[in-house]
Amino acid sequence: MNTAERTALLDRLRAEPRETEWLEFKANRYEPQVLGEYLSALANSACLAGKPRGYLVFGIEDGSHAVVGTAFDPQAEKAKGEQLLPLWLSRGLQPNVGFEIRPFAYQGKPVVLFEVHPAFDRPVQFYGTAYVRDGTSKTGLRRYPEKERAIWNRRLDWSAQVCEQAMLDDLAPDAIAKARREFATKFPRQAAEAAAWEDATFLNKAKVTIRGRVTNAALLLLGRPEASTLLAPAVARISWLLKGPGGEDLDYEHFGPPFLLNVDKLLARVRNLTVRALADGTLFPTEITQYDPWVIREALHNCIAHQDYGLRGRIQVVETPDALLLTNVGSFLPGRVETVIEQDAPLEVYRNPFLAEAMVNLNMVDTQGGGIRRMFIKQRDRFFPMPDYDLTEPERVKVTLRGRILDERYTRLLMSRSGLDLGTIILLDKLQKGVRIGADDVRRLRSQGLVEGRQPNLIVAGAVAAATGQKAQHIRNRGFDNRYYRDMIVALVREHQPVTREDIDRLLLDKLPEVLTHEQRLNRSHNLLRQLAKAGDIVNTGSRRWPRWVPGEGAQSPK
């Protein structure tokens, strides 16, 4: 969310006629404990009100909604045990539904906007106590048992619901056999005992069925293909599409239940080609596959586990020559990918908790929480671009896995600096993709000597370039100071007067920093001419549209 979006959001919040149970304005800071209690209260109240977020805004006066500004800086605050305040708050929220802190300037004054995600299927506590808003006051949730029950019942787990029309015979025998093998792999101590269980007992023990009754999760993972109609109106389908270099459709196939078997069939359709990378480098293998199989599988399993089947959409895997795009319908419950990666405490909110636990028991996912972070780590270890999460659509999650290196400079940087933390690598990855990062992030990279230049044209710093054998490329990226370019222009005008703008561009453009776009180089050339004309070193004897440059009185004679 950029500054313009934050401003528009706060405009809408201030337009509310009064504070609501999911919105609170304050001029001054809270003590850490009270702040955490408000996050709990707003999360629970937003759930009850059916709101996508609860909001707590510092720097806005209560009642009048006047903009007064605040000196509160939550990122610099410490809580109990000298922990950083955001980390202490996230550890106290149980379940940790996630929240974002957004400081920015509003009408010329500093404000801080807290966005907290609503409770999902159980009340959000803060260090053991749940809170709620009563009008505009904060109080303990236990005082309102009807509200507490409403939160518990707010969202039923579709995947745990028993499909009344389904029987055990609607489950595919080969899928059950594979489920047994995967269960034994996941729980080797129970392998011998599990081998003697009847299918009905095994499915109960694996938490796929409930007391022998077939759940929606069981039909998704183990159901016969024809049994998918029993899930209607929900849609149980994964579509694979292959596109050519121009975006044209080349091939496709649809896969239904049993997902436990058909995920492997879909992945077999993906052309995980061997590519040649950094052929002239010495730090990188000359050949490597486009994708790590574990990363593809984890991304696809996440789509299955977090799909909102009530929206009647399908999961898609779109393969292009250079990337895989995986999509599922339903919002991204943590709100931000950074929340999952940065916060020490894993999120505990799942759209389909019964399905997620069944997938854990059948060895489809390692744990309920660390898969996304491990995907980033896997990509880092391969020196490939990080996964891209597109969350711009409210009810769709898109994940792109790139199958080629984008910028060899950043790849070599990762090879030479193996100790970089994941957060720093993600920032560098954004730069190589042309994504603008915040001023604080730029300072963070500069402090480590990783980049130089100015936004939006940051480049690898000289020390890193030297360490990775990129000295010449570094100079080409950085360019020279303005005096060098001005001297070149004056020399051209003096020796070949009158000269046109085209003459000057032919002289300069290929010598300006390579990191600049063509349009940026033209602007740089224009600015250099304007500086020389202002100093009297050159004079335009033509028109503004068709300039003809000659030496001016300020131009020095050649020595």
Side-chain angles (χ1 to χ4, degrees), residues 157-188 190-232 234-240 253-270 293-294 296-307 309 314-317 326 328 350-366 368 371:
D157 182 358
W158 174 87
S159 68
Q161 294 177 20
V162 171
C163 183
E164 298 294 344
Q165 305 175 68
M167 301 179 294
L168 289 179
D169 286 345
D170 290 308
L171 305 183
D174 52 347
I176 295 175
K178 180 175 174 61
R180 284 180 173 275
R181 294 193 297 271
E182 296 298 338
F183 183 87
T185 300
K186 181 70 176 181
F187 305 102
Q190 294 181 260
E193 180 185 1
W197 293 337
E198 295 181 354
D199 283 349
T201 301
F202 163 71
L203 294 170
N204 285 339
K205 295 283 190 180
K207 298 182 180 179
V208 179
T209 59
I210 298 176
R211 294 181 179 178
R213 305 179 73 188
V214 177
T215 62
N216 290 334
L219 287 174
L220 287 175
L221 300 179
L222 307 177
R224 296 177 187 268
E226 62 272 18
S228 63
T229 57
L230 300 176
L231 294 169
V235 175
R237 174 176 288 188
I238 307 174
S239 295
W240 167 80
E253 187 171 355
H254 303 301
F255 301 88
F259 285 166
L260 181 64
L261 297 181
N262 287 341
V263 162
D264 290 336
K265 295 179 181 179
L266 184 150
L267 294 179
R269 297 300 306 266
V270 174
W294 185 92
I296 305 177
R297 187 179 296 274
E298 179 69 16
L300 182 53
H301 284 164
N302 281 344
C303 290
I304 294 172
H306 297 289
Q307 171 91 338
Y309 294 92
R314 62 185 178 184
I315 298 167
Q316 286 193 328
V317 179
L326 299 93
N328 68 272
Y350 302 91
R351 176 168 284 111
N352 305 298
F354 187 87
L355 174 61
E357 185 174 8
M359 293 176 70
V360 169
N361 293 338
L362 300 186
N363 205 32
M364 296 180 73
V365 290
D366 288 342
Q368 294 188 39

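A quick note: this is a predicted structure, and the numbers were derived from the prediction, not measured. What you see below is based on every heavy atom in this structure, not just the backbone, and it leaves out hydrogens, waters and symmetry mates.
Once rounded to the nearest 0.5 Å, the distance linking CG of Leu221 with CD1 of Ile176 reads 11.5 Å. In this structure, NE2 in His301 is found 12.0 Å from NE2 in His306, a value given to the nearest 0.5 Å. Distance check: Glu253 CD to Arg269 CZ gives 5.0 Å after rounding to the nearest 0.5 Å.
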Problem set entry | Intermediate values then yes/no, side chain to side chain contact (heavy atoms under 4.5 Å, CB included), Leu355 and Tyr309 | CA-CA 12 Å; Leu355 174 61; Tyr309 294 92; 4.1 Å; yes

Exercise. So Val360 and Lys186, side chain to side chain contact (heavy atoms under 4.5 Å, CB included) or not? Walk me through it.
Worked result: CA-CA 8 Å; Val360 169; Lys186 181 70 176 181; 4.0 Å; yes

Problem set entry | side chain to side chain contact (heavy atoms under 4.5 Å, CB included) assessment of Arg297 paired with Asp264 | CA-CA 9 Å; Arg297 187 179 296 274; Asp264 290 336; 2.7 Å; yes

Exercise. Going through the checks in order, is the side chain to side chain contact (heavy atoms under 4.5 Å, CB included) test met by Leu168 and Leu203?
Worked result: CA-CA 10 Å; Leu168 289 179; Leu203 294 170; 3.9 Å; yes

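Taking the side chain as every heavy atom from C-beta outward, Phe187 and Lys205 never approach each other to under 4.5 Å. Side-chain contact between Asp170 and Val214 is absent, with no heavy atoms from C-beta onward closer than 4.5 Å. A 4.5 Å side-chain heavy-atom check between Trp240 and Lys265 finds every atom pair outside the cut-off. Counting only heavy atoms from C-beta outward, the side chains of Val162 and Asn216 never approach each other to under 4.5 Å. Side-chain atoms of Asn363 and Arg181, non-hydrogen and from C-beta on, never get closer than 4.5 Å to each other. For the pair Arg314/His254, a side-chain contact is recorded, criterion being any heavy-atom separation below 4.5 Å from C-beta on. Inter-residue side-chain proximity for Leu326 and Asn302 is flagged as unmet; no heavy-atom pair is nearer than 4.5 Å.
The two residues Thr209 and Ala218 have their closest heavy-atom pair at CG2-CB, 4.2 Å. Summarising the geometry of Pro353 relative to Ser159, their closest heavy-atom pair is N-OG, 4.4 Å, with the distance given to 0.1 Å. The shortest non-hydrogen separation linking Leu362 to Ala206 is CD2-CB, 4.2 Å. What you find for Leu222 and Ala179 is that their closest heavy atoms are CD2-CB, 4.0 Å. Smallest separation of non-hydrogen atoms from Gly256 and Asn262: O-ND2, 2.6 Å. Scanning all heavy atoms of the two residues, the minimum distance from Ala227 to Leu219 falls at CB-CD2, 4.1 Å.
Between the side chain of Asp157 and the backbone N or O of Phe354 there is at least one donor-acceptor pair closer than 3.5 Å. Here the side chain of Asn328 pairs no donor or acceptor atom with the backbone of Ile315 at under 3.5 angstrom.
Applying the salt bridge (charged side-chain N to carboxylate O under 4.0 Å, His left out) test to every pair with at least one member in residues 213-229, sequence neighbours left out, gives these pairs: Glu164-Arg213.
In summary, of the residues considered (Ile238, Leu300, Leu266), a side chain to side chain contact (heavy atoms under 4.5 Å, CB included) with Phe259 occurs for Ile238 alone. Shown are Val208, Leu231, Asn352, Leu260; of these, the side chain to side chain contact (heavy atoms under 4.5 Å, CB included) with Leu220 is made only by Leu231.
The aromatic rings of Phe202 and Phe183 stand perpendicular to each other, their planes meeting at an angle above 60°, with 30° marking the opposite boundary.
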